[in-house]
Amino acid sequence: MKLMKIEKGNLSKLMEHLKKDNFRVIGVTPDGKRFSEKFDETLNFMQSDTPPTSISFKEHFFLKTEALFYYKNNNGAIDLKEPVIDERKTVVIGARPCDTASLPILSKVFNWDYADDFFNRRVENSIIIGMKCNYQDDYCFCNEVGLSQNSEKGSDIFLIPDGDAFIAKTITDKGNKFIEEFAIFFEEYTGNPPAENKNGHDEKKFDYESVKKWLDNNFEHKFWDEAGETCLSCGQCAFVCPTCHCFDIVDEQCGTCAGVRAKNWDACQFSLFTKHASGHNPRDSREKRYRQRISHKFKYYNDKFSEILCTGCGRCSRGCPVSTDILELLEEIDQIAHSTTN
Amino acid sequence: MDQLRSVCRQAISENKAAFIIGYTEDKHHHLKPFIAHNVEETEKLTFNCNAVNNLAVFIHRFHNPSQGKIGIVLKPCDLKAINALVQENRVKREDLYVIGVNCSGVVKDQNKEFSKENTQIKCRSCASKTPAWFDVVVGESAEFELPEDDMAILMKQIDEMTPEQRLEFWNAEFEKCLKCYACREVCPMCYCEQCIADKTEPRWIESSSTTRANFTWNMIRAFHQAGRCIGCGECDRVCPADIPLSLLNRKMGMVAFKEFGYRHGTDMNAPTLIGTFSTSDHEEFIR
Amino acid sequence: MEEKFEPKIVAFVCNWCTYTGADLAGTSRLKQQPNARLIRVPCTGRIDPVFILKAFESGADGVLVSGCHPGDCHYNAGNFHARRRWIMFRELAEFTGIDSSRLHFSWVSASEGKKWVDVIDGVTETVRQKGPFDQYRKMARNIELPIMEEEGVEI
């Protein structure tokens, strides 16, 4: 770990330099909604006390639609063609702890029984510049899922605002090398190591362990009927989520006489998600699908990979068309769990 | 909103409705849809300028005439959806117990106070502050100042573009689409058992999220809403990518009025627009 | 030598009138532009606007939709329903950038071989003037890029 300092002005110069250097630079769009290559060049988003973007940066590592290969009929033989992957080095700037933490979490599932080359290559090619967060609202719960506003999980370099400048903390070798390579933009940091600020709340909003324990034993419970009652079964929550990673693979027409096998985002809230070819659908109601969403995040993923499939960013709740608040439900589960054990 | 609660309480206790689809306040002081199944639960019902959802969408889920009438809280704008659904034989007027609310506009951002700027787009062109019909009506409507209609301005801008510029504009918008289908699920008029976007044999709308496939999806949705969309603006509100979806629907509504003098969702006894025809429909564009 | 642009036209025609009219043009040995690919459907009432978009997706530069004159429909009212749909869809297409030089409509009866030739020549010429619809195809570039390069779409 190394501490350096970078002026805000220098940070935008660095980004400009990287763009010219053929880097793929990803920041937050001027409306603060999304991560994009067309980001706000004034770096206005580099404030730690604004809400996180409405859509997470996942879409730049796990694309909403991705070609796996192309095929063409060549007089009875099949011609295959490899997809083209953007191999440019990538720098992500302005991501909060609740964004960056998603990459190591996703990495587990994308390297489980099959190593997802597309995801891995993109992550390997990237420098993630995380930023300390000072934002806290009623939807946030990073604390409760084992993260915090100071979490460096997933970052290569972690920025801590310090007046008009940032203290840059290198977390990984990749981060170290990056700072060495672009040393002219950084200065030595001579002050004291930055103190970790306390999170906005000391008390935990819910206790994960007891939620997990309750989930282990309550697949059937009337709670689920109420939780999913007004859910509309859209995929909004899954698609803005930094950790949701389900996909569907389809063959589609491509150009005038070729085909493509594509990997597209899918969501467990869709009614077709689990529909069998026979017509049977094990998750045929919105209540069952909502149970799946919560259970996958807070139980199954933990059972399998010892990680919680949630970074507590609160995006799904802020954007939900019917204002379903995942934190409220987890608090409720916590309460039910406590009332039944006591 | 004691009046609303007492009306709802009565509705259930006097068997006028089996349950009530209404709004409740969550801990963020936002309103969200809530189903009151019994008299006790009606205590949780409320209404204020945060009541953005169009509750008519829930009718499709809970429609079961054998269980009794559906009680539903509706703003004047949302009531149009019921007109349209009755027109399309989706629900019967007599299966509903409509609790109309007089409306003074709803907010765009529930975290902020109601103000001239903080109003839903749909309120900016709304002329109906009292429901056209109801079984019972509650609340009072107050006059409020309307800001400029952003969508109308945008519409004018697009109308002045060349075809290439228009395609470019929509291209940039639909590039943002994630295909989460929130626009479809939240729409009271999107009630197909199986959506054309989910059909796989043949697959009419590609499930990949290329800009082109997103374009097809949104075009077909807009066309399927032609002369049916009641302009509640829910699609705009829920779109995580902030695509001005209602612009397409509004365009279709304007064409329906211009060509056929048809205003969707105003008359539950009128024949539907696309389901009927006239031998004198104009055809100067046909060679 | 630069290759001359030949537009690809997809024509959705009804079985009873326009298809038969086009057939008449052929059996009468009338000369016509060879750019149209005909797709025969039972009736114009069967033509869902998604067909039209699908045609553009598949690389069409222009689309023609054609059926029986009003009152001539084999199923009595199919073309009246279609006409009302077209009035709406045409405006929607126009609003999103598919203008009337790419999307054409006509009534051609079984006896109008000559009219079919005029229509198809006219449509082909209009679309030829307009040029290839690469703008539409490019919308799929995030996935189709390698194939587009192979097929020579200008990027």
Side-chain angles (χ1 to χ4, degrees), chain A residues 22 24 26 29 34-38 55 57-75 77-88 90 116-119 121-122 125 239 247-266, chain C residues 3-12 33-41 47-64 98 102-103 123-124 127-128 130-155:
Chain A
N22 203 24
R24 182 168 75 124
I26 291 164
T29 50
R34 200 164 179 167
F35 285 89
S36 164
E37 279 187 73
K38 296 172 205 151
I55 301 172
F57 74 15
K58 156 182 91 173
E59 59 177 333
H60 296 287
F61 297 93
F62 166 44
L63 308 194
K64 58 180 179 175
T65 191
E66 174 145 63
L68 302 178
F69 58 83
Y70 303 94
Y71 51 87
K72 205 173 198 173
N73 185 344
N74 181 11
N75 290 327
I78 304 289
D79 282 349
L80 291 182
K81 198 181 170 90
E82 289 282 317
V84 181
I85 296 188
D86 192 345
E87 295 278 12
R88 284 179 295 165
T90 303
D116 188 310
D117 199 31
F118 299 95
F119 177 81
R121 264 152 81 182
R122 287 200 182 88
N125 271 336
F239 289 3
F247 58 82
D248 184 26
I249 292 181
V250 293
D251 283 357
E252 274 172 359
Q253 183 194 327
C254 181
T256 44
C257 47
V260 60
R261 180 154 298 173
K263 181 172 117 183
N264 300 328
W265 283 0
D266 204 350
Chain C
E3 223 176 289
K4 207 177 136 218
F5 165 64
E6 281 301 334
K8 293 192 192 87
I9 316 276
V10 174
F12 295 99
Q33 302 270 356
N35 300 53
R37 282 86 169 149
L38 262 59
I39 296 177
R40 180 166 61 150
V41 292
I47 300 165
D48 187 315
V50 79
F51 293 7
I52 297 172
L53 293 176
K54 205 78 192 161
F56 284 122
E57 280 188 2
S58 310
D61 301 301
V63 170
L64 168 68
I98 304 173
R102 299 217 181 261
L103 182 53
V123 170
T124 308
V127 180
R128 184 176 284 130
K130 193 81 186 168
F133 206 3
D134 282 351
Q135 202 189 358
Y136 199 93
R137 286 206 57 197
K138 274 184 215 162
M139 292 202 288
R141 61 178 300 160
N142 68 337
I143 199 159
E144 290 197 354
L145 198 65
I147 298 297
M148 278 158 64
E149 277 169 352
E150 214 175 273
E151 291 180 2
V153 177
E154 241 178 83
I155 300 158

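The chains referred to below are lettered A, B, ... by the order of the sequence lines, with proteins before strands, and numbering in each begins at 1. Just so it is clear, the values below take in all heavy atoms, side chains as well, and ignore hydrogens, waters and symmetry mates.
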Legend entry - CD/A:E87: more than 12 non-hydrogen atoms of other groups inside 6.0 Å: yes
Legend entry - From NZ (A:K263) to CD1 (C:I143), nearest 0.5 Å: 11.5 Å
Legend entry - Distance, nearest 0.5 Å, that separates CD of C:E144 from CD of A:E252: 9.5 Å
Legend entry - Validation row: A:K81, C:I147 side chains within 4.5 angstrom (heavy atoms): yes
